Number of protein chains: 2
Amino acid sequence: MIKCLLVEDQTLVRLGLANLLNLDSAINIEAQAEDGLQALALLAEHSFDIALLDMRMPNLDGLGVLQKMREKGDKTPVLIITTFEDCDVLVKALNLGARGYVLKDIELEELISAIKQVVAGERVLQSAVTDFLLKKQLSPQFCLTGKEQTVLQCLSLGMSNKVIAKKLDNSEGTIRNHVSQILAKLEVKDRTQAVIKAINQNLI
Amino acid sequence: MIKCLLVEDQTLVRLGLANLLNLDSAINIEAQAEDGLQALALLAEHSFDIALLDMRMPNLDGLGVLQKMREKGDKTPVLIITTFEDCDVLVKALNLGARGYVLKDIELEELISAIKQVVAGERVLQSAVTDFLLKKQLSPQFCLTGKEQTVLQCLSLGMSNKVIAKKLDNSEGTIRNHVSQILAKLEVKDRTQAVIKAINQNLI
DNA sequence: ACCGAGCTATGACAGATGTCACTGTTTTTA
DNA sequence: TAAAAACAGTGACATCTGTCATAGCTCGGT
């Protein structure tokens, strides 16, 4: 019997998923958390065979939970279940030792088999996810540098070049150059389109 | 026994929710659809006591389904279950005759009671939703006119003033004036911030 | 030691953006 | 009907934005 911790903020989704998974005789949702902090508390008190983590949560998000777990030396295998294809978050999650990363539109049987695989020590990435990752990595011209990512974040907060320059302690011209680079890499024509793309693709 | 149609695109959420609701002895999920078109097909073939509609879906979204239902004279009561607080969509849904509008973070018991209320002919709006609606209506200076909403939609697609002018068959100056008005009403400084706000608050 | 990549910066330029004031027309509403 | 909005337009203006060429610096890898 696989002992699972399920972490998901939306009550309906959490209860529904717990029910579905419990229908499988090999799986047992032993505890549920509705945010990252609850998840950490439960992880500290009990031991689980696997933690099913949502990414977007109040208080502490999935990445935050992973980070804290690693800091504490908690080796519980983690399967990320999220709504969005997000290259950056995916990479971060894997670097933090997540054992799997699947999208919420996965079929139930696939999810169950993913859980079993992770518990068995395998690494599970949905093909949709790996495709996405490969597409990104195979096209380095679309990869933003660290500074560019920072600037893109600022753009996504609605900052002007002048404000960004002040905040990052650069000249306005430099920021303009970075923005220009970003637009080219994202293949868009202006900052507004860049922000839209960033939000839609969760690049930020 | 309440005969329900459940429409939701994410398989996990749909199955989970169906399971949960079926646990209530008065409720029976008789059919499920994973997009708007399937939903319409099912509605045409069978009769239900209530349709539980997700808003965001591929092919045809919740509003589209409602619209088609009304065109066909289908009087099946509809309860909207959505992730987002969206004043505009809420108003449109209610105008199209939706009997209830609840957020996905609702508690299970509340959802069940909402379903029963809608079937009983009542109108159900979560307090979170009505608060949101009131907040908006009490501040008319923030209400966008029809034209302004149209322009804001264009902005949210990343269009320039010139492109919008051509699309809407106006002069560029007129569009500039509309944009200026929108920025004032949304209390932001430029189109990028307007788009961010529009996306975050689902004004579009 | 050298190369490439990332970061910084400048200047000049064209074009886009946003504001303001002012003028109309049409539609809604009181 | 009269007032109030919404809608459409113009011209002028300051500022912001994005592009391009060019150049110096630093750092990791070969």
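Lettering of chains follows the sequences in order, A, B, ..., and the numbering in each one begins at 1. Since the structure is predicted, the reported quantities are computational estimates derived from the model, not experimental observations.
Here A/His178 lies in heavy-atom contact (under 4.0 Å) with a base. Within 4.0 Å (heavy atoms only), A/Asp190 reaches sugar-phosphate atoms of the nucleic acid but no base atom. Residue B/Ser160 is in sugar-phosphate contact alone, with no base atom involved, counting any heavy-atom pair closer than 4.0 Å across all strands shown.
Put simply, CG on B/Leu152 is 12 Å from P on C/dG18, counting in whole angstrom units. When rounded to the nearest whole Å, the span between CD of B/Gln181 and P of D/dA5 equals 12 Å. Protein atom CG of A/Leu183 is 15 Å distant from nucleotide atom P of C/dA16, rounded to whole Å. Atom NZ in B/Lys185 sits about 11 Å away from atom P in D/dA5, given to the nearest Å. Rounded to whole Å, the distance from NZ on A/Lys147 to P on C/dA5 is 19 Å. The CD1-C1' distance, from B/Ile182 to C/dT17, rounds to 14 Å in whole Å. The CD1 atom of A/Ile175 sits 10 Å away from the C1' atom of C/dT8 (whole-angstrom rounding). Rounded to an integer number of Å, the gap from B/Asn177 CG to C/dC20 C1' is 9 Å.
Of the listed nucleotides (D/dT17, C/dT19, C/dT17), C/dT19 has the atom at the smallest distance from the side chain of B/Ser180. Ranking D/dT17, C/dG18, C/dC7 by closeness to the B/Val179 side chain, first place goes to C/dG18.
Distances shorter than 4.0 Å separate none of the side-chain N or O atoms of A/Asn161 from OP1 or OP2 on D/dC16. In this model, the phosphate group of C/dA9 is approached by a side-chain N or O of A/Asn170 to a distance below 4.0 Å at OP1 or OP2. In this structure, A/Ser171 does not reach the C/dT8 phosphate: none of its side-chain N or O atoms is under 4.0 Å from OP1 or OP2. Contact annotation: A/Lys189 side-chain N/O to D/dG18 OP1/OP2 distance is not under 4.0 Å. At least one side-chain nitrogen or oxygen of B/Lys162 sits closer than 4.0 Å to the OP1 or OP2 atom of C/dA16.
The only member of A/Val13, A/Asp105, A/Leu20, A/Leu17 that meets side chain to side chain contact (heavy atoms under 4.5 Å, CB included) when paired with B/Val13 is A/Val13.
Shortest non-hydrogen contact noted between B/Thr76 and B/Arg70 is O-NH2, 3.8 Å.
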Open item on the list: Please determine whether side chain to side chain contact (heavy atoms under 4.5 Å, CB included) holds for the pair A/Met69 and A/Val78, giving the CA-CA distance in whole Å, both sets of side-chain angles, and the decisive distance to 0.1 Å.
Closed with: CA-CA 10 Å; A/Met69 285 174 67; A/Val78 167; 3.7 Å; yes
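Annotation: of the two residues near DNA chain D, A/Gly173 and B/Arg176, the 5′-most nearest-nucleotide partner is B/Arg176.
Salt bridge status for A/Asp54 with A/Lys104: present, with a side-chain N to carboxylate O gap under 4.0 Å. Under the 4.0 Å criterion applied to side-chain N and carboxylate O atoms, B/Arg191 and A/Asp190 are not assigned as salt-bridge partners.
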